[in-house]
Amino acid sequence: LELLKRAEEGWCQSKFSLEKRLTVKDLKEVTKYWIGRAQLQYMAEEMKMVQAAEGRVKIFRGGFLKGLKVFQKEEDVVRLVGRFQTSDMDADFKHPAILPGHSHLGKLLIQKAHEDQDHMGVEYTLAALRRSYYLVPGRTAVRKVLTGCKRCQVDFPKEVVQPEAPLHESRLLKTTYPFQSVGLDLF
């Protein structure tokens, strides 16, 4: 939300007065604006194809959105057509906004979701994000951001592997016979 509060000055000043507090409606508009900007920046060709479909569902056969069914209502952001179309869930859950995972906004949303999930890991972070956004590529982008998380590096350090020392010469003698060397412990 901190990112959304720091919207571009020109756009923000034209839409809102700086004296009043941001409302939920304002935050939703700013969120939609930044998602649209990220989509235009990273998915320009796909956006043109979706706009040409004029509100109908577009299935991509290749490219950045390969295998996804997407649509766009009027001036809204490009959204995913999921399996929850007929449910009574929230509209953002039924049709999550598609967001490039390698965009700056995508990375910030991943960090926020990761912190909200108490640094639980890739699967929990991805599940939390998919309630409102569909990141492409999702798992790869989440994994990349989480490898840079300082708290996770401290809490879950990588296992250190002890290098094996070479065997001693006495262990490598080939001309020894069974029971040639015997040891005894006396108590």
Notebook entry, point to check: Can you name the closest pair of heavy atoms from His119 and Phe156 and give their distance?
Noted result: O-CE1, 4.0 Å

Item checked: Taking every non-hydrogen atom, the tightest pair across Thr125 and His114 -> OG1-ND1, 3.3 Å

Margin query: Hydrophobic clusters here meaning ILVMFWY residues chained together by side-chain heavy-atom distances under 4.5 Å, can you tell me if Leu40 and Ile98 are in one?
Written below: yes

Next item on the list: Please check if the side chain of Asp26 supplies one atom and the backbone of Thr23 the other of a donor-acceptor pair under 3.5 Å.
Entry: yes

Check: Rounded to the nearest 0.5 Å, how far does CD of Gln72 lie from CZ of Arg79?
Finding: 10.0 Å

Next item on the list: Please report the shortest heavy-atom distance between Gln117 and Arg131, naming the atom on each side.
Entry: NE2-NH1, 4.1 Å

Note to self: Working to the nearest 0.5 angstrom, can you tell me the gap between Ile110 CD1 and His102 NE2?
What the structure shows: 11.0 Å

Next item on the list: Search all heavy atoms of Leu68 against all heavy atoms of Leu80 and return the closest pair with its distance.
Entry: CD2-CD1, 3.9 Å

Notebook entry, point to check: Is there side-chain contact between Pro96 and Arg130, with heavy atoms separated by less than 4.5 Å?
Noted result: no

Next item on the list: Quick one: pull up NE2 in His104 and CG in Leu109 and give me the separation to the nearest 0.5 Å.
Entry: 10.0 Å

Notebook entry, point to check: Is there side-chain contact between Tyr133 and Thr31, with at least one heavy-atom pair below 4.5 Å?
Noted result: yes

Check: Applying the 4.5 Å side-chain criterion to the ILVMFWY set and letting contacts propagate, would Val142 and Met120 be lumped into a single cluster?
Finding: no

Item checked: Atom pair CG/NZ of Asp88 and Lys94 - distance to nearest 0.5 Å -> 7.5 Å

Notebook entry, point to check: Under a 4.5 Å cut-off applied to non-hydrogen side-chain atoms, are Ser103 and Gln41 in contact?
Noted result: no

Check: Shared ILVMFWY cluster between Tyr124 and Leu129, side chains joined below 4.5 angstrom?
Finding: no

Checklist line | Shortest non-hydrogen contact from Ala38 toward Leu99 | finding: CB-CD1, 3.9 Å

Item checked: From CD (Gln153) to CG (Leu146), nearest 0.5 Å -> 10.5 Å

Next item on the list: Identify the heavy atoms of Gly101 and Leu135 that sit nearest to each other, and give their distance.
Entry: CA-CD2, 3.6 Å

Item checked: Residue of the set Met49, Gln39, His95, Glu46 for which side chain to side chain contact (heavy atoms under 4.5 Å, CB included) holds with Val78 -> Gln39

Item checked: Student check: side-chain heavy atoms of Arg139 and Glu123 closer than 4.5 Å -> yes

